[in-house]
Amino acid sequence: MSYRSRWDNGAWKVVCDVCGREFKNNDLQLRWDGLMVCSGDWEPRQPQDFVHGVADKQVPPFTRPEQTDVFAIVCTPITTQGIADYGQADCAKADINYGNLPVCTLEGSIAIPPTAVAGCAITNKQSPGLNDFLIG
């Protein structure tokens with residue numbers, strides 16, 4: 001239903017906002033999104049636009065506070081010895097030495113915390129050497 005050249009008292013020519021064709025102002029109508037459209041481009045608003053969600057409770061029915069961590073102390077033959085750097089608190093007993101000491105290795109002689117072994121690490125040593133373990 002495109003523009004027809006006719007005279008209507010008080011009417012004027014307008015353009016459809018969707019298709020761009022010319023119509024009389026009486027042939028256009030306002031669509032839900034605010035556009036002035038012809039009858040071919042008019043469409044009702046989608047009913048899903050009016051759907052609202054239902055509030056969902058995300059709260060559990062009851063809660064409890066987080067429990068504190070409990071650390072179990074494991075006593076081994078090495079940690080029960082009363083030797084400095086080997087005994088562990090609450091395990092070590094005075095004057096007990098089973099002779100169970102860690103073996104000194106090349107890696108254990110380096111004075112870097114992750115690799116050092118107590119009693120084996122050499123102060124200010126950054127790399128191992130074979131001369132450290134030769135009996136002379």
Side-chain angles (χ1 to χ4, degrees):
M1 190 169 159
S2 180
Y3 173 73
R4 292 177 301 223
S5 179
R6 65 181 196 274
W7 183 82
D8 288 334
N9 191 12
W12 62 92
K13 291 193 306 184
V14 291
V15 176
C16 175
D17 289 335
V18 176
C19 65
R21 290 186 278 168
E22 291 182 345
F23 294 92
K24 291 286 187 175
N25 66 327
N26 297 333
D27 295 334
L28 295 184
Q29 52 187 336
L30 182 65
R31 196 165 68 178
W32 62 270
D33 55 357
L35 299 177
M36 293 298 292
V37 295
C38 62
S39 61
D41 293 323
W42 191 87
E43 58 188 27
R45 187 163 184 178
Q46 175 57 255
Q48 289 288 328
D49 289 340
F50 302 107
V51 174
H52 295 288
V54 178
D56 185 20
K57 282 186 167 181
Q58 296 290 327
V59 181
F62 65 93
T63 60
R64 296 187 297 189
E66 183 177 352
Q67 296 181 1
T68 59
D69 295 331
V70 178
F71 296 100
I73 298 173
V74 178
C75 296
T76 64
I78 293 176
T79 60
T80 57
Q81 300 182 91
I83 302 172
D85 295 332
Y86 292 107
Q88 181 176 350
D90 296 331
C91 287
K93 298 174 186 165
D95 296 330
I96 294 182
N97 184 356
Y98 297 125
N100 297 325
L101 300 176
V103 178
C104 293
T105 61
L106 289 174
E107 290 82 16
S109 68
I110 301 173
I112 298 175
T115 60
V117 175
C120 296
I122 300 170
T123 309
N124 295 329
K125 180 147 178 78
Q126 298 298 320
S127 61
L130 290 175
N131 292 334
D132 296 333
F133 297 98
L134 294 178
I135 300 173

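Leu28 and Val15 get closest at one heavy-atom pair: CD1-O, 4.0 Å.
Asp17 places none of its side-chain heavy atoms less than 4.5 Å from the side chain of Arg31.
Residues Met36 and Phe23 share a hydrophobic cluster, clusters being chains of Ile/Leu/Val/Met/Phe/Trp/Tyr side chains in contact below 4.5 Å. Placement of Trp12 and Leu30 within a single hydrophobic cluster is found when ILVMFWY residues are connected by side-chain heavy-atom separations under 4.5 Å, directly or transitively.
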Extract all donor-acceptor atom pairs below 3.5 Å that involve side chains of residues 40-56 and protein atoms in other chains or at least two apart in sequence.
residue : atom : partner : partner atom : Å
Asp41   : OD2  : Cys19   : N            : 3.4
Arg45   : NE   : Asp49   : OD2          : 3.3
Gln46   : OE1  : Gln48   : N            : 3.4
Asp56   : OD2  : Gln58   : NE2          : 2.9

Under 3.5 Å, side-chain donor or acceptor atoms of residues 62-74 against the rest of the protein: list the pairs with distances, not counting sequence neighbours.
none

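Here the straight-line distance linking atom NZ of Lys24 with atom SG of Cys38 works out to 16.0 Å at 0.5 Å rounding.
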